[in-house]
Q: 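Mind looking over this structure? Questions follow.
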Amino acid sequence: MSLLELKNLSFTYGVNTAFEKKAVNDVSLNIEKGEFIGIIGHTGSGKSTLIQMLNGLIRPTEGQVLLDGRDIWEKPKQIRKVRFRVGMVFQYPEYQLFEETVEKDIAYGPKNMGLDSDEIKKRVEDAARFTALKPELLKKSPFELSGGEKRRAAIAGVIAMDPEILILDEPTAGLDPKGRDVLLTQIAAYHKTKGNTVLLVSHSMEDISRIADKILVMDHGNKYAFDTVRNIFSKGEDIEKIGLQIPQITKIMIGLAKSGYKVSTDVYSVEQAVMEIMKLRKDSRVPAAAAKKEGKR
Amino acid sequence: MIKDITLGQYFPGKSFVHKLDPRMKIILLTFFIVFIFAARNFVSLGIMAAAVFAVICISGVSPKMYFKSIKAIIFIVLFTACLNLFYGTGDPLWQWRFLKITQSGINTAIFIAVRIIALVLISAVLTYTTSPTDLTDGIERLLKPLSVFHIQVHEIAMMMTIALRFIPTLLEETDKIMSAQKARGADFESGNFITRLKALIPILVPLFVSAFRRAFDLAMAMESRCYHGGEGRTRMRVLKYSKKDYLALGASCLIFAGVIICSIYLPATVRTGM
């Protein structure tokens, strides 16, 4: 049995009004425990709507979400319990900070879970460590922090609930390249230590391909593809057809393959590309000039 | 949900009502409201109700939206109507202890219900068919004479424009913050009054913070485009009365005249104005 199972999930906004719009259309897929899944798609492709159905923030108009094989809407009054198990970090989460101190803000979730104060303290410390918040920041007002620190404090607020599934909606939006790298590394490390399931929504294939095991590609509310990173990128041209960018390095490899070089196209990191090209150089059939050109690149 | 609020909603269109000058629409709306209140018998109220209905029909906005605006106040309408039902004078048609229903009570109840609904609908026509910018533009021009008394008409109008402009933005923001806090286990639906009030803090604090942030950003953006208030400011689009406006004015005057005549020559159904 899968940890999370989506069965013919659909959601329509504004049913029976002039603004009726189907945001998610008949999506079915299984998510196993411990997987790191990247979700990618255009603005308006239904990513955000889809993930909000996974922790019961919105109720699907059709279909079911099964958590451990049970419909999360089985007992609508118990939906909060689902939200504690499926943690959700929204876009620009720093705008949800409200408490007097960072510590209290991170403790908001665990407090709502009804944990005792010792446990809450431990959770707050753990969450702060995972997000690399310095201990002295915990006593400060969240509004005194820098942008990146605020973002991490807000993420800590969700991590502190220790969810089995953590969903992050574009956690790196608006951060500088360095902040983005740091945050992604932290999320990857968190996933590795905790061994829980992480869903990461992003615009950037480059970001996702670095840390995800599998990718879900959404297009106009439909599940376009759901597969391992390797398999998704080997279909690079299809992905480009729906207007998404595959990593530059994969594009280069596809280009090389097109011009007759025998390279694999399911390459998504520079290291892999180097290996592929080195293999090519050893191959005697390749003209020397072409090999030289690749060496320079 | 929050998104269902129709307040200040504008539906672009090309109907006769849409094309009227906002000043004319505001003036006529004021008179419509006055005459809806001035109507003292069913005939004159009937004329006003028919006029409101006619305006709705030519406004070209989906009737659903008008139903929505009534839905929001239906409770108030029913409550006032029920209250008035028991306050009639004359022979009781039905009695239970101190509660009695009379013919005049029924009349007043229906009268008041029709009056409130007509009032809401005609106001809805204005907001549905006039863009917020046009609306404040019209208000600014109409209030201009007040600047003689050193009232900053332009500033007031600008504040209204900004306030109207940010209603949907802030609603959306509230929705987002609510979802984010719900995801952290916030519970807005259970507990007594005090607990529910306390549960709002995690929403209100971020909402205020973001409102101030937006205000500062907007002020900066306006200043960087050299905004310095109303003095010497010219308009890209100057409001002008057209034939349509005079037509609307004429038609409305006829209706108002009808109401006045009916109110004078026919007996009043309702004792008081309200």
Side-chain angles (χ1 to χ4, degrees), chain A residues 13-14 16-20 48-49 51-52 54-59 76-77 79-100 104-115 141-143 150 154-161 163 166-169, chain B residues 1-6 9-13 59-69 71 128 168-191 195-214 216-217:
Chain A
Y13 279 106
N16 294 329
T17 68
F19 310 105
E20 191 168 313
S48 293
T49 311
I51 55 170
Q52 284 186 55
L54 302 188
N55 74 339
L57 279 171
I58 50 180
R59 197 170 178 161
K77 291 229 162 115
I79 196 72
R80 272 178 73 194
K81 287 200 178 136
V82 173
R83 290 181 190 150
F84 294 138
R85 294 183 62 192
V86 185
M88 165 91 112
V89 178
F90 275 87
Q91 248 177 67
Y92 297 101
E94 57 271 32
Y95 296 149
Q96 76 190 24
L97 298 170
F98 70 98
E99 274 286 12
E100 292 160 57
K104 278 188 186 170
D105 205 284
I106 298 175
Y108 178 68
K111 227 160 131 189
N112 284 331
M113 294 171 84
L115 300 174
S141 157
F143 301 104
K150 272 188 201 168
I155 295 174
V158 177
I159 286 181
M161 300 195 304
L166 178 68
I167 306 175
L168 300 123
D169 191 355
Chain B
M1 265 290 287
I2 281 177
K3 280 189 183 129
D4 292 335
I5 293 174
T6 54
Q9 216 164 22
Y10 164 59
F11 299 95
S59 75
V61 177
S62 154
K64 270 186 202 153
M65 294 324 295
Y66 289 106
F67 279 122
K68 230 175 180 178
S69 72
K71 225 166 84 185
Y128 285 176
T169 313
L170 289 179
L171 282 178
E172 201 180 301
E173 189 96 22
T174 314
D175 229 28
K176 264 192 202 150
I177 296 170
M178 272 176 88
S179 297
Q181 305 300 25
K182 267 194 207 156
R184 294 211 279 166
D187 184 5
F188 309 117
E189 277 122 37
S190 57
T195 14
R196 279 183 197 215
L197 216 59
K198 272 190 182 158
L200 287 181
I201 295 175
I203 294 174
L204 292 181
V205 174
L207 190 62
F208 271 97
V209 171
S210 105
F212 276 109
R213 187 170 40 85
R214 281 181 198 285
F216 285 127
D217 286 353

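Residue numbers begin at 1 in each chain, while the letters A, B, ... track the order of the sequences.
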Q: So what's closer than 4.5 Å to chain B heavy atoms on A:Gln52: side chain, backbone, both or neither?
A: side chain
Q: What is the minimum heavy-atom distance between B:Pro202 and A:Tyr108, and which atoms define it?
A: CG-OH, 3.4 Å
Q: Verify the neighbour count for atom CZ of A:Phe143: are there more than 12 heavy atoms of other residues, nucleotides or ligands below 6.0 Å?
A: yes
Q: Pick one of side chain, backbone, both or neither for B:Ser179, based on which atoms fall under 4.5 Å of a heavy atom in chain A.
A: both
Q: At their closest point, which heavy atom of A:Phe98 faces which heavy atom of B:Pro206, and how far apart are they?
A: CB-CD, 3.7 Å
Q: Let me know if A:Tyr92 has heavy atoms under 4.5 Å from chain B in its side chain, its backbone, both or neither.
A: neither
Q: Assess whether atom CZ of B:Phe67 is packed by more than 12 heavy atoms of other residues, nucleotides or ligands within 6.0 Å.
A: no
Q: Can you give me the closest heavy-atom contact between B:Ala183 and A:Met161, atom names plus distance?
A: O-CE, 3.3 Å
Q: For chain B, which candidate among A:Arg80, A:Met88, A:Glu94 shows the most heavy-atom pairs at distances under 4.5 Å?
A: A:Arg80
Q: Would you check if the side chain of A:Arg83 reaches a backbone N or O of B:Gly185 as a donor-acceptor pair within less than 3.5 Å?
A: no
Q: Could you please spell out the steps behind the side-chain contact (heavy atoms from CB on, under 4.5 Å) verdict for B:Leu207 and A:Tyr95?
A: CA-CA 8 Å; B:Leu207 190 62; A:Tyr95 296 149; over 6 Å; no
Q: Which one wins on heavy-atom pair count under 4.5 Å against chain B: A:Leu97, A:Val158, A:Asn55, A:Ile79?
A: A:Leu97
Q: Would you name the heavy atoms of A:Asn112 and B:Arg184 that are closest together and state the gap between them?
A: ND2-O, 3.0 Å
